[in-house]
Structure formats: C-alpha cells, structure tokens
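Have a look at the structure below before the remarks.
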Amino acid sequence: MTGRLFLGAAAFALLAAGCAPSGYYRSTSVSLDSLVTLQTQQQRRLAALEQQIANTRESVQATRASSDTRLSELNQRMDMLQGKLEESGMRFSALSVKMDAVKSRISTSESLRVASGGLRDSTAGMDPEEAYQTAYSDLASGRYGLAKAAFTEYLRRYPATEVSDNAQYWIGECDYALGDFQGAIEAFKKVAENYPKGDKVRAALLKTGIAYARLKDMDSAKKYYTMVITRFPRSDEARLARERLATKKEAQ
C-alpha cells in the first residue's frame, strides 16, 4: 500500500509541476520525501520482524532437537535401570532359595542334636557356611555351651574363612555369657592376634577391657579401653570406651 501511495504522489507531482505554483511544488516535494522516509522505516521494521521470526523458528527447532535427545537418553537410562532391577531380583530369588535350604538343614541338625541330648557334632557333613550358621543359631538361642563347641569345631576345620575372626569373637562372647571372664579375655585376645585385619578386632578389644573390669582389674581394663580409642578413634567401640573411662574417673 505504501508503494502505491508513493507512485500516486509522484505522478501527481509530475502532472502538477508545470501548472502549480512554486510554493505548492515545494510542499509536494516535502510530502514525497516524508513518504519515502516512512517507506524505508517500514521496510526496516519488516526485515527486523522477519529476522526475529527466523531466529524464533531456529530456537524452537533446536529446543525440540535437544528435548528429543534428552528423552532418548532418559529412555536408555530407564532401560538400563530396568535391566539391573531384573538382575537384582533374580539374584535375590536365588539367595532366598539358598537361605531356605540352609535353614532347613540347620533345623534338621538341631532336631537330631536335641534327640541325641545335644552331644552330637553339629558341623559334621556341612559346608563352612552351614556350619557357621548352625553355631550362630545356638548362640542366638542362648545355648552358649553348644555354640562355643560348634564355633571351636568350626575354627578347627575352617581356620581361614571370611568369618573365622567372627567365630573366634563369638567364642569369647559365649565364655562371657557363661561367666567365664578369664576365658573370654583369652578368646577375645586371639581375635586381634590371629586376625589382625578382621572386622571384629575393635569389638574384641573393647570386650577384653569389659571382661577385665568384671574381674576388678581396672588397670588392664583402662589399658584396653585406651587401645580401642587410639586405634579406632571414630568407631562406636571407641565412644563406648570413652564413656566407660569417664564413668571410672567419676567414681574415683
């Protein structure tokens, strides 16, 4: 529309040039210049709008492509997690079956021992895991004499398994529960001596100190409490050792 106005005004100016007064010509010339300027400004605005539209279109396309990529990556991760979940479920099922089998054999073993007066070797014919679980079942049930015998037999047959240090520690706990504090001290000390890198060392050191305290040997008890604090300063056993040392100091 601006172009038609411009052409009409130009034609009108040419026709009127010969007959119009000079003042009128100048006025028409100024109007024509204004129209030309307006047309130029509108063309620039139109070009700017077109560029904005193009930029917006490119941005939308880029965002869509990025979203598609992220969605694809998310789907891949979900597939991986689903696969891992299924694998974990299969492992858990297999472990449950194995645990049920062990429990069944332990139950059968306990029945035989009860029928024979509890004097029979409960670890005979068992693999290390089953033998350990049988001994621990006695401990958990409060049959400390049977548990001590079973753990002792376990160590005789399997002295270097991943839970041998635990077996040695539980022998000490059995002695402690039976009131044999000196026997408990000797058993607990063997944990650190025979299995220095085992995960029961700090507990054995603490219980050694507690057993000495039960025998009224407070100097030895403090020695082992301090040993726990020095070697395992951030452990729960160290916290308990500090509490016991503080209690003894308050009592003095």
Side-chain angles (χ1 to χ4, degrees), residues 95 99 102-103 106 109-110 113 118-119 121-123 126-252:
L95 180 60
M99 287 292 294
V102 171
K103 289 179 180 178
I106 290 174
S109 174
E110 288 181 347
R113 286 161 56 204
L119 301 176
D121 178 10
S122 62
T123 62
M126 291 187 178
D127 62 29
E129 181 179 357
E130 291 173 330
Y132 182 88
Q133 291 297 334
T134 298
Y136 190 83
S137 177
D138 283 329
L139 175 67
S141 300
R143 297 188 291 266
Y144 301 115
L146 288 175
K148 178 181 177 180
F151 280 124
T152 301
E153 180 63 18
Y154 177 89
L155 288 177
R156 187 184 70 80
R157 295 188 181 192
Y158 314 109
T161 69
E162 292 183 356
V163 293
S164 293
D165 59 325
N166 296 56
Q168 181 61 56
Y169 175 82
W170 294 126
I171 290 173
E173 287 286 8
C174 289
D175 283 332
Y176 188 93
L178 292 170
D180 183 4
F181 303 120
Q182 188 59 50
I185 290 171
E186 294 174 0
F188 288 136
K189 286 183 177 180
K190 286 182 180 179
V191 176
E193 293 172 359
N194 299 340
Y195 309 98
K197 295 182 179 180
D199 58 4
K200 283 293 185 181
V201 172
R202 56 182 181 270
L205 294 176
L206 176 65
K207 287 305 293 279
T208 302
I210 295 174
Y212 271 124
R214 293 297 299 271
L215 293 175
K216 308 301 181 182
D217 186 350
M218 301 312 302
D219 289 337
S220 296
K222 292 177 181 178
K223 173 185 174 182
Y224 278 87
Y225 293 154
T226 303
M227 193 181 301
V228 175
I229 296 170
T230 301
R231 293 182 59 181
F232 309 98
R234 297 182 180 180
S235 65
D236 290 337
E237 289 80 4
R239 177 179 57 79
L240 293 173
R242 291 189 187 94
E243 291 178 358
R244 287 183 170 273
L245 285 173
T247 301
K248 298 306 177 184
K249 288 181 180 178
E250 290 174 0
Q252 289 179 353

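- Under 4.0 Å is where a charged nitrogen must lie from a carboxylate oxygen, and between Glu153 and Arg156 at least one such pair does.
- Shown here for Gly145 and Leu178, the closest heavy-atom pair between the two residues is N-CD1, 4.3 Å.
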Checklist entry - Glu186 and Lys190: salt bridge (Lys or Arg N to Asp or Glu O under 4.0 Å), yes or no, with the steps? => result CA-CA 6 Å; Glu186 294 174 0; Lys190 286 182 180 179; over 6 Å; no
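- Using a 4.5 Å cut-off on side-chain heavy atoms (C-beta onward), Asn166 and Tyr169 make no contact.
- Annotation for Lys200 and Asp165: closest pair N-OD2, 3.8 Å, computed over non-hydrogen atoms.
- Atoms CD1 and CZ, from Ile210 and Arg244 in turn, are 4.0 Å apart once rounded to the nearest 0.5 Å.
- Ile185 contributes atom CD1, which lies 11.0 Å from atom CZ of Arg214 (distance to the nearest 0.5 angstrom).
- Here the side chains of Tyr225 and Leu240 are not in contact, with every heavy-atom distance at 4.5 Å or above.
- Closest approach of Gly209 and Ala221 over heavy atoms only: O-CB, 3.3 Å.
- Here ring pair (Phe, Tyr, Trp, His ring centres under 6.0 Å) pairs that include residues 191-214, with residues two or more places apart or in two chains, are Tyr212-Tyr224.
- The distance from atom CH2 of Trp170 to atom OH of Tyr176, rounded to the nearest 0.5 Å, is 14.0 Å.
- Rounding to the nearest 0.5 Å places CZ of Arg202 at 11.0 Å from CG of Leu206.
- In plain terms, the two heavy atoms of Ala241 and Ile229 that are nearest each other are CB-CG1, 3.9 Å.
- Using a 4.5 Å heavy-atom cutoff, the side chains of Glu173 and Phe188 are in contact.
- Taking the side chain as every heavy atom from C-beta outward, Phe181 and Asp175 never approach each other to under 4.5 Å.
- Taking the six-membered ring for Trp and thresholds of 30 and 60 degrees, Tyr158 and Tyr154 have ring planes inclined between 30 and 60 degrees apart.
- For the 3.5 Å distance criterion, the side chains of Ser137 and Thr134 fail to qualify, holding no donor opposite an acceptor.
- Taking 4.5 Å as the limit, some side-chain heavy atom of Arg242 sits within range of a side-chain heavy atom of Pro233.
- Inter-residue side-chain proximity for Pro196 and Val201 is flagged as unmet; no heavy-atom pair is nearer than 4.5 Å.
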Checklist entry - Checking side-chain contact (heavy atoms from CB on, under 4.5 Å) for the pair Leu205/Phe232: CA distance, chi angles, key distance, verdict? => result CA-CA 10 Å; Leu205 294 176; Phe232 309 98; 4.0 Å; yes
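- If you take OG1 on Thr152 and CZ on Arg157, they are separated by 12.5 Å, rounding to the nearest 0.5 Å.
- You'll find the side chain of Ile171 reaches within 4.5 Å of the side chain of Leu155, heavy atoms only.
- Atoms CD and CD, from Glu129 and Glu162 in turn, are 10.5 Å apart once rounded to the nearest 0.5 Å.
- The backbone N or O of Thr161 lies less than 3.5 Å from a partner atom in the side chain of Ser164, making a donor-acceptor pair.
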